[in-house]
Amino acid sequence: MKVNELTAWLENQYPGRMAEDWDNVGLLVGDDSAEVSHVFLALDLTEQTLEEALEAGADMVITHHPMIFHGMKKINNHDFTGRKVLTLIRRGIQYYAMHTNYDILGMAELSADYLKLKDRQVLTVTEETGSGQEGLGRVGVLPRRMTLRECGEFVKDAFALPDVRIYGDPDMPVEKAAVCTGSGKSLLGDVFAKGAQVYITGDVDYHTGIDAVAQGLAIIDAGHYGTEYIFMDAMKKTLSARYPELKISCAKIRAPYTVLCQE
């Protein structure tokens, strides 16, 4: 099949117009008239994941985070982004990104599914449609009332993570939760407005964490990668169901950091 057939379907399912203004989504490198038979999925197009895609024999890469966020005045081998662009072109690999449009139309419900949230509503509304609201994150009721410590363990198990960080009294009871994958501190105003007792997200800095606790909100920082690597498996299932003739493979699940614990 042609790349433009696949990207047209993706655009219909996850329109680029739904992405945030600052974002950069769609076909970022490549020729949409080329043939595609093997799609490689990754959260980020690092040099390591690009090497995996080459070894797999993929002719198209789809990531969640865009490799190119801003305009590039030079494309050469002197920086890591330029080297990746050159490799993609030389090897005839087409590259597509679906970021905040997928956050809104895919990741928000997906993360709520992982947490088994009930009575869900959109956390931050970005668009009103004829069929309802669309937006970033979800807020709902946890499967049961639990302590913050238990909720941390629940989140860790739900996302199959080696660790999470908790801000708040570990023994405080929580029942209403908000979730936003990736870096979600910009949504804190809506978390407070929706009355959540615990907020599950990533990239929470020290002052944001302690300030939230001072206002009565517990936070579970499950990490940017930890909350979003689920993109790969979800898109593999979606694409395999729509295009069974396509070969789909995924980057290895590998957290970008290592936790050293005191013995």
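This structure is a prediction, so every number in the text was calculated from the model and none was measured. Excluded from the calculations below are hydrogen atoms, water molecules and symmetry mates; all remaining heavy atoms, backbone and side chain alike, are included.
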Starting from the C-alpha separation in whole Å, work towards a yes-or-no answer on salt bridge (charged side-chain N to carboxylate O under 4.0 Å, His left out) for Lys2 and Glu5.
CA-CA 5 Å; Lys2 298 287 188 182; Glu5 295 176 54; over 6 Å; no
Is [X] reaching over with its side chain to a backbone N or O of [Y], donor-acceptor style, under 3.5 angstrom?
X      : Y      : answer
Ser240 : Lys237 : no
Thr100 : Glu20  : yes
Glu35  : Met1   : yes
Gln197 : Ala177 : no
Thr227 : Thr181 : no

Hey, any chance [X] and [Y] share a hydrophobic cluster, counting ILVMFWY side chains that come within less than 4.5 Å of each other, even indirectly?
X      : Y      : answer
Val36  : Val29  : no
Leu50  : Leu27  : no
Tyr229 : Met98  : yes
Val122 : Phe192 : no
Val3   : Ile93  : no

With salt bridge (charged side-chain N to carboxylate O under 4.0 Å, His left out) as the test, would you mind laying out the steps for Glu51 and Lys84 before giving the verdict?
CA-CA 10 Å; Glu51 185 60 34; Lys84 288 183 287 186; over 6 Å; no
Nearest 0.5 Å please: distance from the [atom1] atom of [X] over to the [atom2] atom of [Y].
X      : Y      : atom1 : atom2 : answer
Asp119 : Leu142 : CG    : CG    : 11.5 Å
Arg138 : Leu123 : CZ    : CG    : 9.0 Å
Cys180 : Lys185 : SG    : NZ    : 13.0 Å
Lys247 : Asp59  : NZ    : CG    : 10.5 Å
Glu150 : Asp171 : CD    : CG    : 9.0 Å
Thr81  : Asp79  : OG1   : CG    : 5.0 Å

Among Phe231, Tyr96, Tyr14, which residue satisfies the ring pair (Phe, Tyr, Trp, His ring centres under 6.0 Å) criterion with His64?
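Going through Phe231, Tyr96, Tyr14 one by one, the ring pair (Phe, Tyr, Trp, His ring centres under 6.0 Å) with His64 is satisfied by Phe231 alone.
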I'd like to know whether Arg120 forms a salt bridge (charged side-chain N to carboxylate O under 4.0 Å, His left out) with Glu109, so could you lay out the CA-CA distance, the side-chain angles of the two residues, the decisive distance to 0.1 Å, and finally the verdict.
CA-CA 9 Å; Arg120 301 173 192 177; Glu109 275 297 308; 2.7 Å; yes
Determine, step by step, whether Thr124 and Asp190 satisfy the side-chain hydrogen bond (donor to acceptor under 3.5 Å, both in side chains) criterion, reporting the C-alpha distance in whole Å, the side-chain angles of both residues, the deciding distance to 0.1 Å, and the verdict.
CA-CA 6 Å; Thr124 298; Asp190 291 313; 2.7 Å; yes
Is it the case that atom [atom1] in [X] sees more than 12 heavy atoms from other parts of the structure closer than 6.0 Å?
X      : atom1 : result
Lys116 : NZ    : no
Tyr257 : OH    : yes
Phe80  : CZ    : no

Would Asp44 and Thr46 count as having a side-chain donor-acceptor pair, cut-off 3.5 Å?
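No donor-acceptor contact under 3.5 Å links the two side chains.
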Could you tell me if Asp32 and Thr7 have a donor-acceptor pair between their side chains, going purely by distance under 3.5 Å?
no
Can you confirm whether or not the ring centre of Trp22 sits under 6.0 Å from the ring centre of His70?
no
Show, in sequence, the C-alpha distance, side-chain angles and deciding distance for Met67 and Val85, and conclude whether the side-chain contact (heavy atoms from CB on, under 4.5 Å) test is met.
CA-CA 9 Å; Met67 177 181 69; Val85 172; 3.6 Å; yes
Show the numbers, then the answer: is there a side-chain hydrogen bond (donor to acceptor under 3.5 Å, both in side chains) between Tyr95 and Thr63?
CA-CA 8 Å; Tyr95 171 56; Thr63 66; 2.8 Å; yes
Could you check whether any side-chain heavy atom of [X] comes within less than 4.5 Å of a side-chain heavy atom of [Y], counting everything from C-beta outward?
X      : Y      : result
Leu161 : Tyr225 : no
Tyr243 : Ile248 : no
Val39  : Met235 : no
Ile230 : Met107 : yes

Tell me whether the rings of Phe159 and Tyr114 are parallel (<30°), tilted (30 to 60°) or perpendicular (>60°).
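Phe159 and Tyr114: parallel rings.
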Before giving the answer on side-chain hydrogen bond (donor to acceptor under 3.5 Å, both in side chains), spell out for Asp205 and Thr208 the whole-Å C-alpha distance, their side-chain angles and the decisive distance to 0.1 Å.
CA-CA 5 Å; Asp205 63 83; Thr208 297; 2.8 Å; yes
Would Arg254 and Glu52 count as a salt bridge (charged side-chain N to carboxylate O under 4.0 Å, His left out) if you check the C-alpha gap in whole Å, the side-chain angles of each, and the deciding distance to 0.1 Å?
CA-CA 12 Å; Arg254 185 190 298 107; Glu52 287 182 42; 3.3 Å; yes
